[in-house]
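Report on one structure; see the data block that follows.
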Amino acid sequence: DAGVTQSPTHLIKTRGQQVTLRCSPKSGHDTVSWYQQALGQGPQFIFQYYEEEERQRGNFPDRFSGHQFPNYSSELNVNALLLGDSALYLCASSLGTGDHEQYFGPGTRLTVT
Amino acid sequence: GQSLEQPSEVTAVEGAIVQINCTYQTSGFYGLSWYQQHDGGAPTFLSYNALDGLEETGRFSSFLSRSDSYGYLLLQELQMKDSASYFCAVRSLVRDNYGQNFVFGPGTRLSVLP
């Protein structure tokens, strides 16, 4: 039973560039949520995708966008990168939007220089 | 807005019992979850309370009082491997009846000493 996978593991980008992060949910899961976790802090909710639509969104600017594909995998795109975007980006999957238990992937460590 | 408060650090010895508290302010509350995260690892789900009372899962128990907007995680028979960060998270609806929003607390770093 494959768990949540994310790619890449690490990424270094320059300020102003754009980045795309990828996530494959746990087998059988259809809902994907994205989080940003700064060092020493709790995960901050970015948005949630279900049925290929953004269902909920946290307090993040429009530079953060996403997509969900028919196979339930998802992408997180960040445009015009800022130094403050450096963080661990976590993807979590669940079964349906009403499921309280989320399974997290190992994350993508993004460094913006 | 929505906010959660947890102690930043807790230290205990092997075999002891420790309680990590969480207070929250949120709208559209649907439940309180607890997650464990080891350094360099992903958060892993520990427990969930939708109703008032105590939920027990092995060495871990979680309690919720919705009237007090308060919950705690109780860890018994502490082991060295329990050294990690623990996050409470509130499940709520932000916009409409579709989807859910998880707001995480700042985390409590638990150090278990021999």
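Worth saying up front: this structure is predicted, and the values here are computed from it rather than measured. Proteins come first, then strands; the chains are lettered A, B, ... in the order of their sequence lines, and each starts at number 1.
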Any donor-acceptor N or O pair under 3.5 Å, side chains A:T20, A:Q18: yes
Exercise: do A:R109 and A:Y89 side chains pair donor with acceptor under 3.5 Å: no
Members of residues 38-45 of chain B whose heavy atoms come closer than 4.5 Å to chain A: B:A42, B:P43, B:F45
Sequence neighbours excluded, every pair satisfying salt bridge (charged side-chain N to carboxylate O under 4.0 Å, His left out) that has a member inside residues 73-88 of chain B: B:R59-B:D82
Aromatic ring pairing B:Y35/B:F104, orientation class (parallel under 30°, perpendicular over 60°, tilted between): tilted
Atom CG of A:L39: over 12 foreign heavy atoms under 6.0 Å: no
Crowding at OH, A:Y72 (>12 non-hydrogen neighbours, <6.0 Å): no
Winner by heavy-atom pair count (cut-off under 4.5 Å) against chain B, out of A:G58, A:G107, A:P43, A:P106: A:P43
Side chain, backbone, both or neither: which part of [X] has an atom under 4.5 Å from a heavy atom of chain B?
X: A:Y49; result: neither
X: A:Q102; result: both
X: A:E53; result: neither

Heavy-atom closest pair, residues B:V112 and B:S83: N-OG, 2.9 Å
Inter-residue atom distance B:S85.OG - B:R109.CZ, 0.5 Å rounding: 5.0 Å
Engaged part of B:Q6 at the chain A interface, taking heavy atoms whose separation is under 4.5 Å: neither
